[in-house]
Colleague: 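One structure follows; several queries about it will come next.
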Amino acid sequence: MAASSSSAVCSQHQFVPPASLVIAEYYLVDDGASVVSSFLLRRLFEYQGVSRARFTASQQYPAGVFLTVSAPTVRHLIDNFLMMTWAHFDDLARSHSLSVKLCDTRDYLRDLLRVHVCNHQCGDLLFVFKHLLHARCHFDLEPLPEPFSESSKHMRTLAKVSSCAARSDIEHMSTRAQDSAAHRRYLESDVFVEDDIHFPTICTMGDKMNIIAEWQDQMSP
């Protein structure tokens, strides 16, 4: 009895292999253990990150809350788990030594990872998931467009146009602020500005009557 109990404790602390991702829209036999269906992954798990370490039996689903998953390619995972965010793609790209910029959109990073071919620098990275407290009732099953296809380019173009419009508005507001400041400085200035000689002085009605009187005096015999 003691031997069997000791054996059970040891097995709980042994590292277990990752579950292999299988594309299926239904539960599989032994689902979540040696294999995990894309259906179970979308319904019961959230993405956590990547790791080279494996979990023990007590940590790994179904005994624990974590699930390490292996997939043939990064695209294999991304195409079948559509709940990943920009931060997830950013972390995943950096772990695969891909250059990431803050201006890169979520769709761009997603497509960059989908065409990525792993090499020796990527190592044996495993995808880590965590069990949800409540199963998802609804999740997107719409297939993704081909990487960098017209639909992806369209989304990036819209993002770029939006960014340019925002930048134009900011520049316009900055120019108006500069013009207003210059105008205020002009109004507050005490510097005397000479009249432009190209424009005659406007005469009052009294000045006009004096000119007419002088002209009449000169013209009278």
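As a basis for the values below, the full set of heavy atoms in this structure was taken, side chains included, without hydrogen atoms, waters or symmetry mates.
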Colleague: Could you state the interatomic distance from CZ (Phe129) to CG (Leu21), rounded to the nearest 0.5 Å?
Modeller: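 Going from the CZ atom of Phe129 to the CG atom of Leu21 covers 7.5 Å.
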Colleague: Is there a donor-acceptor contact under 3.5 Å from the side chain of Arg110 to the main chain of Leu144?
Modeller: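 Answer holds: no.
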Colleague: Any idea which heavy atoms bring His116 and Cys122 closest together, and the distance?
Modeller: NE2-SG, 3.3 Å
Colleague: Report the distance from atom CG of Leu109 to atom CG of Asp91, rounding to the nearest 0.5 Å.
Modeller: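 It is 11.5 Å, given to the nearest 0.5 Å.
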Colleague: Minimum heavy-atom separation for Ser38 to Ile23, with atom names?
Modeller: OG-CA, 3.6 Å
Colleague: Nearest 0.5 Å, what's the CZ-CG distance between Phe127 and Leu67?
Modeller: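 The CG atom of Leu67 is 12.5 Å from CZ of Phe127, to the nearest 0.5 Å.
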Colleague: If I take atom NE2 from residue His96 and atom CG from residue Asn119, how far apart are they, to the nearest 0.5 angstrom?
Modeller: 9.5 Å
Colleague: State the OG-CG distance between Ser95 and Asp90, to the nearest 0.5 angstrom.
Modeller: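 These two atoms lie 9.5 Å from each other.
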Colleague: As a quick check of understanding, evaluate salt bridge (charged side-chain N to carboxylate O under 4.0 Å, His left out) for Arg52 and Asp124, giving each step before the final call.
Modeller: CA-CA 6 Å; Arg52 287 187 171 87; Asp124 298 324; over 6 Å; no
Colleague: Check residues 41-50 and write down every donor-acceptor pair under 3.5 Å in which the side-chain atom is one partner and the other belongs to a residue at least two apart or another chain.
Modeller:
unit_1: Arg42; atom_1: NH1; unit_2: Asn80; atom_2: O; d: 3.0
unit_1: Arg42; atom_1: NH2; unit_2: Glu25; atom_2: OE1; d: 2.5
unit_1: Arg42; atom_1: NH2; unit_2: Glu25; atom_2: OE2; d: 2.9
unit_1: Arg43; atom_1: NE; unit_2: Tyr27; atom_2: OH; d: 3.4
unit_1: Arg43; atom_1: NH1; unit_2: Arg136; atom_2: O; d: 2.9
unit_1: Tyr47; atom_1: OH; unit_2: Gly49; atom_2: O; d: 3.4

Colleague: Should Val35 and Phe81 be regarded as members of a common hydrophobic cluster, given that ILVMFWY residues are connected when their side-chain heavy atoms come within less than 4.5 Å of each other, either directly or indirectly?
Modeller: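 In one cluster with Val35: Phe81, no.
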Colleague: Please confirm whether the backbone N or O of Thr85 pairs with a side-chain atom of His88, one donor and one acceptor, at under 3.5 Å?
Modeller: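 Yes: the side chain of His88 pairs with the backbone of Thr85.
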Colleague: Is the side chain of Gln59 donor-acceptor paired with the backbone N or O of Thr56 at a distance under 3.5 Å, no angle test?
Modeller: yes
Colleague: Determine yes or no for a side-chain-to-main-chain donor-acceptor pair under 3.5 angstrom, with Thr68 supplying the side chain and Leu126 the backbone.
Modeller: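 Not at all, since once roles are kept as given, no pair shorter than 3.5 Å links the two residues.
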Colleague: Kindly give the cluster partners of Phe66, where membership spreads through any ILVMFWY side chain lying under 4.5 Å from a current member.
Modeller: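 Once heavy-atom contacts under 4.5 Å are chained together, Phe66 belongs with Phe55, Val65, Val128.
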Colleague: Considering all heavy atoms of both residues, which atom of Glu146 and which atom of Arg114 are nearest to each other, and what is their separation?
Modeller: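 The answer is C-NH1, 4.0 Å.
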Colleague: Answer whether the closest heavy-atom distance between the side chains of Arg94 and Ser99 falls below 4.5 Å.
Modeller: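 A side-chain contact is absent here, since even the closest heavy-atom pair is not under 4.5 Å.
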Colleague: Does Leu132 sit in a hydrophobic cluster with other residues, and if so which ones, taking ILVMFWY side chains as linked at heavy-atom separations under 4.5 Å, directly or through other members?
Modeller: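 ILVMFWY cluster around Leu132 holds nothing else.
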Colleague: Is the closest side-chain heavy-atom distance between Pro18 and Val69 below 4.5 Å?
Modeller: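 No, side chains not in contact.
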Colleague: What is the minimum heavy-atom distance between Ala33 and Ala19, and which atoms define it?
Modeller: O-CB, 3.2 Å
Colleague: Treat each ILVMFWY residue as a node, draw an edge where side-chain heavy atoms are under 4.5 Å apart, and state whether Val22 and Val16 are in one component.
Modeller: no
Colleague: Do Leu125 and Ser51 come within less than 4.5 Å of each other through their side chains, counting heavy atoms only?
Modeller: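 A side-chain contact is absent here, since even the closest heavy-atom pair is not under 4.5 Å.
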Colleague: What is the distance from atom CD1 of Ile78 to atom CG of Leu112, rounded to the nearest 0.5 Å?
Modeller: 9.5 Å
Colleague: Does any N or O in the side chain of Trp86 come within less than 3.5 Å of the main-chain N or O of Asp104, such that one atom is a donor and the other an acceptor?
Modeller: yes
Colleague: Decide yes or no on ring-ring contact (aromatic ring centres under 6.0 Å, His included) for Tyr108 and Phe89, but give the supporting numbers first.
Modeller: CA-CA 10 Å; Tyr108 175 80; Phe89 289 139; over 10 Å; no
